[in-house]
**Q** 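Got a structure for you, written out below as structure tokens; questions coming shortly.
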Amino acid sequence: MWPGEQSSTGGPDPRQPAPWNAPTVASGAPGGGPPGRGPGNGRTKVVAIVAAAVVVVAAAVTGTVLLGGGEDDGARPGPTVSAASASAPSASPADDPRGGDGTPKASVEGWTVVANPGHGIAFDVPASWVPQSRDWVTYVAEDDDPDEKPLVAMKAPAVLKEKWCGSDGDRDGSVEYTPLASAGTRGNNGARSTEEIVRTDSATWVYGAFAQPDRDKVSTGPVTPFTTDSGIEGSLATSRSAGVAKKGKCDVNGKATTFAFKSADGDFVSWSFFGAADVADEVTDATVRSILATVREYTPSDA
């Protein structure tokens, strides 16, 4: 959830400044799927914010906030926004790399494009994934942090199987749902290197969504170079948990992969995937790599 003062409606005060380049409430209602639990053991929370109102559910944290970037973060649009400048008049629809509303077209036939115009990053996901709205943000926070300061976040994500697992952990009669996986992008202002970003972010997603409070259950593989199909070069790392205590129906191990690079503007940015691991319908590493390979930059529209 978001740090800072609470509004009279129970949500964060949109006037309250936030730490680490991020969590300040922006205007607009999140779209896409319904709020629910994030993957893992329910030790983090999910919120959906419509203007300043907040609905608290459970597990990874979702809502309308800002993610590391420049002065224009508060007005950043997302997957459904009109983005990119108009193509040349002579270009045919088949040759135009953007859809009718200016959003980039998917680069893989049958897949769906996911775009973050705030950073000019797009990627594609299989048709079974559901892109969230332009202002939708998912993040994780420490369970015992009274301010619930976000540890790591992603903006305008796509979600796979939003109701993958359902449970009533607090026995209040309300079922809370866990998605199987999520993927999205963010800015990484303040980072010193792409290597630092991929190690830290991938491990933090696994810790926050699956392994709390046991950091020693999270391990991170080696950092390796990676180049996307569009030619973006950066660093890549994957973290996993092992031995997560199964205290509830939806408690599982998790994994996360982060790819970081310098944008055309010279800013550190990243793409991350996180999801359930060691389960029958786990997203395979090959599929994660296929999605990652579609990461590309584009020029959002100023409109």
Side-chain angles (χ1 to χ4, degrees), residues 22 26-33 62-70 72-87 91 93-139 153-160 162 179 181-188 201 228-232 234 257-265 267-274 287-288 290-303:
S27 61
T62 309
T64 306
V65 301
L66 308 183
L67 284 183
D72 61 344
D73 276 355
R76 286 179 180 162
T80 59
V81 76
S82 174
S85 57
S87 59
D95 295 332
D96 187 354
R98 307 183 189 284
D101 63 353
T103 301
K105 288 182 179 179
S107 61
V108 178
E109 185 176 357
W111 283 26
T112 303
V113 68
V114 182
N116 180 348
H119 291 291
I121 306 172
F123 63 96
D124 301 337
V125 292
S128 55
W129 289 64
V130 179
Q132 305 301 300
S133 79
R134 67 189 67 180
D135 295 320
W136 196 265
V137 172
T138 297
Y139 68 86
M154 59 174 62
K155 189 172 185 180
V159 178
L160 176 63
E162 293 171 305
S182 298
T185 54
R186 63 166 292 186
N188 293 88
D201 282 15
T228 69
D229 289 347
S230 66
I232 297 175
T257 295
T258 297
F259 171 65
F261 59 98
K262 269 195 172 183
S263 70
D265 294 330
D267 298 323
F268 283 119
V269 292
S270 63
W271 171 94
S272 286
F273 159 94
F274 72 102
T287 298
V288 174
S290 294
I291 295 172
L292 167 58
T294 68
V295 172
R296 56 202 182 273
E297 292 188 271
Y298 73 102
T299 303
S301 170
D302 292 331

**Q** Is there a side-chain contact between Trp271 and Thr257 (heavy atoms, below 4.5 Å)?
**A** yes
**Q** Run the numbers on Phe274 and Thr138 for side-chain contact (heavy atoms from CB on, under 4.5 Å), then give the verdict.
**A** CA-CA 11 Å; Phe274 72 102; Thr138 297; 4.0 Å; yes
**Q** Sequence neighbours excluded, which residues qualify as side chain to side chain donor-acceptor pair (under 3.5 Å) partners of Thr112?
**A** none
**Q** State, to 0.1 Å, how close Phe261 and Gly234 come at their nearest heavy-atom pair, and which atoms those are.
**A** CB-CA, 4.1 Å
**Q** Using side-chain contact (heavy atoms from CB on, under 4.5 Å) as the criterion, list what pairs up with Ala260, not counting sequence neighbours.
**A** Thr194, Ile197, Val198, Ser270
**Q** For the backbone of Gly120 and the side chain of Thr299, can you confirm whether one donor and one acceptor N or O come within less than 3.5 Å of each other?
**A** no
**Q** Within this structure, what is the CG-CZ distance for the pair Asn116 and Arg134, rounded to the nearest 0.5 Å?
**A** 12.0 Å
**Q** side-chain contact (heavy atoms from CB on, under 4.5 Å) between Phe273 and Val125: does it pass, once the steps are laid out?
**A** CA-CA 11 Å; Phe273 159 94; Val125 292; over 6 Å; no
**Q** Do Arg186 and Asp201 have side chains that get closer than 4.5 Å, going by heavy atoms?
**A** yes
**Q** Please name the pair of heavy atoms, one in Ser272 and one in Thr258, separated by the smallest distance, quoted to 0.1 Å.
**A** OG-OG1, 2.7 Å
**Q** For a 4.5 angstrom cut-off between non-hydrogen side-chain atoms, does Thr185 reach Phe123?
**A** yes
**Q** Could you state the interatomic distance from CH2 (Trp111) to CH2 (Trp129), rounded to the nearest 0.5 Å?
**A** 9.5 Å
**Q** Roughly how far apart are Trp136 CH2 and Ser182 OG, rounded to 0.5 Å?
**A** 10.5 Å
**Q** Hey, does Ile291 have a side-chain heavy atom less than 4.5 Å from the side chain of Pro126?
**A** yes
**Q** Can you give me the closest heavy-atom contact between Ala156 and Ala115, atom names plus distance?
**A** CB-O, 3.8 Å
**Q** Does the side chain of Gln132 come within less than 4.5 Å of Met154's, by heavy atoms?
**A** no
**Q** Supply the atom-to-atom distance Leu160 CG to Thr287 OG1, rounded to the nearest 0.5 angstrom.
**A** 9.5 Å
**Q** Given side chains that start at C-beta, do those of Pro157 and Val114 come closer than 4.5 Å, heavy atoms only?
**A** no
**Q** Rounded to the nearest 0.5 Å, what's the gap from CG on Asp265 to CD on Glu297? Could you check?
**A** 7.5 Å
**Q** Can you pull out every salt bridge (Lys or Arg N to Asp or Glu O under 4.0 Å) where at least one residue sits in residues 120-131? Sequence neighbours excluded, please.
**A** Asp124-Arg296
**Q** Do Val288 and Phe259 come within less than 4.5 Å of each other through their side chains, counting heavy atoms only?
**A** no
**Q** Under 3.5 Å, side chain of Glu109 to main-chain N/O of Ser107, donor-acceptor pair present?
**A** no
